[in-house]
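Okay, structure first, notes after.
Residue numbers start from 1 in every chain, and the chains themselves are labelled A, B, ... in the order their sequence lines are given, proteins ahead of strands.
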2 protein chains.
Amino acid sequence: MIIELDLQSDTPIYTQLMNQIIEGMASGRLQPGEPLPSVRSLAADIGINLHTVNKAYTLLKQEGFIQIHRQKGVVVQPDALPGMTSDYAHRRDAQLRPIIAEAICRGMNEQQLLAVVRDLYSHITTNERKDAP
Amino acid sequence: MIIELDLQSDTPIYTQLMNQIIEGMASGRLQPGEPLPSVRSLAADIGINLHTVNKAYTLLKQEGFIQIHRQKGVVVQPDALPGMTSDYAHRRDAQLRPIIAEAICRGMNEQQLLAVVRDLYSHITTNERKDAP
DNA sequence: CTAACTGTTATATTTATAGTATAACAGATG
DNA sequence: CATCTGTTATACTATAAATATAACAGTTAG
């Protein structure tokens with residue numbers, strides 16, 4: 001699993017870490033039950049602090065994306081994922097709403113917006129790079 | 001224009017302000033050329049500081065959503081909006097990507113995700129409340 | 001002209017978050 | 001026993017967010 005971080009980004013490192021792992025799970029590059037590197041080794045790998053990785057892992061654990069065993073270390077959730085809770089639906093809508101509103105302001109119609117979402121969906125599930133042809 | 005802020009939210013006040021104004025423009029509640037309240041009056045109205053409003057206005061101006069005249073005050077962009085720049089497209093995709101990835105992890109298929117986007121799109125353009133029936 | 005308003009700028013302070021740096025603890029493993 | 005795990009605690013630095021005053025320059029209504 002290759003982690004790409006932008007240390008100059010305004011999105012926190014631990015958030016970027018969470019997003020990359022979640023995207024890895026969505027794409028299938030990270031399989032259920034697959035082990036993730038320890039907080040220390042991953043931190044050393046990408047040149048950041050132990051606690052930054054630990055924060056990402058802890059949050060992912062709280063949301064049910066990973067499991068943390070004292071002995072085995074960290075593994076991708078082998079059982080069923082959290083699923084569609086009401087809390088999640090509200091949070092998802094709150095995240096999408098301002099993005100859609102801006103798209104409307106910039107002249108995108110419904111078809112164009114849906115096309116973008118469709119593209120991103122298949123890009124993720126078919127495991128393509130961001131700047132794929 | 002009614003502004004609703006959540007002071008306990010983790011999203012900054014100036015960001016919430018920007019989102020509400022952009023959503024107002026997308027819904028048509030804010031018409032092109034329509035005047036917006038002055039930084040001082042709006043700040044007093046919603047009980048926050050002058051500079052917080054000014055930050056939101058300045059950013060909205062930089063992105064072309066509003067115009068600021070020394071005399072007339074602040075008005076909703078009367079001319080054409082920014083439109084589809086390459087910068088915007090990349091920023092939009094970067095915002096959508098983690099949201100879509102999480103949706104996939106939680107078991108949403110493409111049709112379900114598109115339905116959510118379609119719903120939000122029409123909710124915004126038809127000017128409905130968040131918890132509309 | 002004066003007073004009241006506009007956006008703008010400058011400065012200082014407080015608060016919270018992000019990230020780093022060490023260190024130690026408890027359990028598992030070879 | 002030495003080494004790895006996650007976990008916790010503490011302290012520090014840097015940055016962003018928000019507030020608090022104050023002042024400046026231009027506009028506008030009385």
Side-chain angles (χ1 to χ4, degrees), chain A residues 1 3-21 30 33-78 91 95 98, chain B residues 1 3-21 30 33-78 91 95 98:
Chain A
M1 176 76 181
I3 302 284
E4 292 181 3
L5 293 184
D6 178 9
L7 299 183
Q8 312 306 321
S9 170
D10 57 337
T11 58
I13 297 177
Y14 75 90
T15 303
Q16 294 183 49
L17 255 177
M18 292 177 66
N19 287 342
Q20 299 246 352
I21 291 175
L30 287 180
E34 182 173 337
L36 291 174
S38 73
V39 289
R40 287 180 177 80
S41 65
L42 181 52
D45 258 24
I46 54 189
I48 62 176
N49 192 271
L50 173 157
H51 293 95
T52 306
V53 177
N54 188 253
K55 183 171 186 175
Y57 276 3
T58 302
L59 290 173
L60 285 172
K61 169 188 166 192
Q62 284 178 9
E63 297 179 7
F65 288 99
I66 62 177
Q67 281 186 2
I68 302 182
H69 301 92
R70 198 86 194 205
Q71 63 275 24
K72 307 176 188 172
V74 183
V75 297
V76 176
Q77 180 63 261
R91 182 164 53 82
Q95 287 173 334
Chain B
M1 177 75 181
I3 301 285
E4 292 182 3
L5 293 183
D6 178 9
L7 300 182
Q8 312 307 320
S9 170
D10 56 339
T11 59
I13 296 178
Y14 76 91
T15 302
Q16 294 184 47
L17 255 177
M18 294 178 65
N19 288 342
Q20 299 245 351
I21 291 176
L30 287 180
E34 183 173 338
L36 290 173
S38 73
V39 288
R40 287 179 177 81
S41 65
L42 181 53
D45 257 25
I46 55 188
I48 62 175
N49 191 272
L50 173 158
H51 293 95
T52 307
V53 178
N54 188 253
K55 183 170 185 176
Y57 276 2
T58 301
L59 291 172
L60 285 172
K61 169 189 167 190
Q62 284 178 10
E63 295 178 10
F65 287 99
I66 62 177
Q67 281 187 1
I68 302 181
H69 300 92
R70 200 85 195 206
Q71 64 275 25
K72 306 175 190 172
V74 183
V75 296
V76 176
Q77 180 63 260
R91 183 164 52 82
Q95 287 173 335

**Request:** Check whether any side-chain heavy atom of A:Q16 sits under 4.5 Å from a side-chain heavy atom of A:M18, and report yes or no.
**Result:** no
**Message:** For a quick test of reading the model, state the closest non-hydrogen atom pair linking B:L50 to B:R40 and the distance between them.
**Reply:** CD1-CG, 3.5 Å
**Request:** Take A:P12 and B:P37, find for each the nucleotide of DNA chain C with the closest heavy atom, and name the residue whose nucleotide sits nearer the 5' end.
**Result:** B:P37
**Fill in**
Whole-Å distance, A:N49 CG to D:dA9 C1', equals 14 Å
**Nucleotide of D:dT7, C:dG19, C:dT8 approaching A:T52 most closely (side-chain heavy atoms)** = C:dG19
**Message:** Please report the distance, rounded to the nearest Å, between CD1 in B:I66 and C1' in C:dT6.
**Reply:** 14 Å
**Prompt:** Which nucleotide in the list C:dG7, D:dT19, C:dA21 gets nearest to the side chain of A:H51?
**Reply:** C:dA21
**Prompt:** Could you give the CD-to-P distance, from A:Q67 to D:dT7, as a whole number of Å?
**Reply:** 12 Å
**Item:** Distance in angstrom units between A:M18 CE and C:dA18 P, rounded
**Value:** 11 Å
**Asked** Could you give the NE2-to-P distance, from A:H69 to D:dG6, as a whole number of Å?
**Response** 12 Å
**Prompt:** Of the nucleotides D:dT7, C:dT8, D:dT19, which one has an atom closest to the side chain of A:K61?
**Reply:** D:dT7
**Prompt:** Just to confirm, is there a sub-4.0 Å distance from OP1 or OP2 of D:dA18 to any side-chain nitrogen or oxygen of B:Y14?
**Reply:** no
**Request:** Heavy atoms only: give me the nearest B:L30-B:I21 pair and the separation to one decimal.
**Result:** CD1-O, 3.7 Å
**Request:** Would you mind reading off the distance between A:I46 atom CD1 and C:dG19 atom C1', rounded to a whole angstrom?
**Result:** 13 Å
**Message:** Would you say B:K55 places a side-chain N or O within less than 4.0 Å of OP1 or OP2 belonging to D:dT19?
**Reply:** no
**Message:** If I take atom CD1 in residue A:I68 and atom C1' in nucleotide D:dT5, what distance separates them, rounded to the nearest angstrom?
**Reply:** 11 Å
**Message:** Rounded to whole Å, how long is the line connecting atom CD of A:Q62 with atom P of D:dT7?
**Reply:** 11 Å
**Item:** C:dT6 phosphate, OP1 or OP2, under 4.0 Å from B:S38 side-chain N/O
**Value:** yes
**Prompt:** For A:Y14 and A:A56, which heavy atoms make the closest approach, and how far apart are they?
**Reply:** O-CB, 3.6 Å
**Prompt:** Checking only heavy atoms, does the side chain of B:R40 share a donor-acceptor pair with the base of C:dT8 at less than 3.5 Å?
**Reply:** yes
**Message:** Less than 4.5 Å apart, side chain to side chain, heavy atoms only: is that true for A:I13 and A:V53?
**Reply:** no
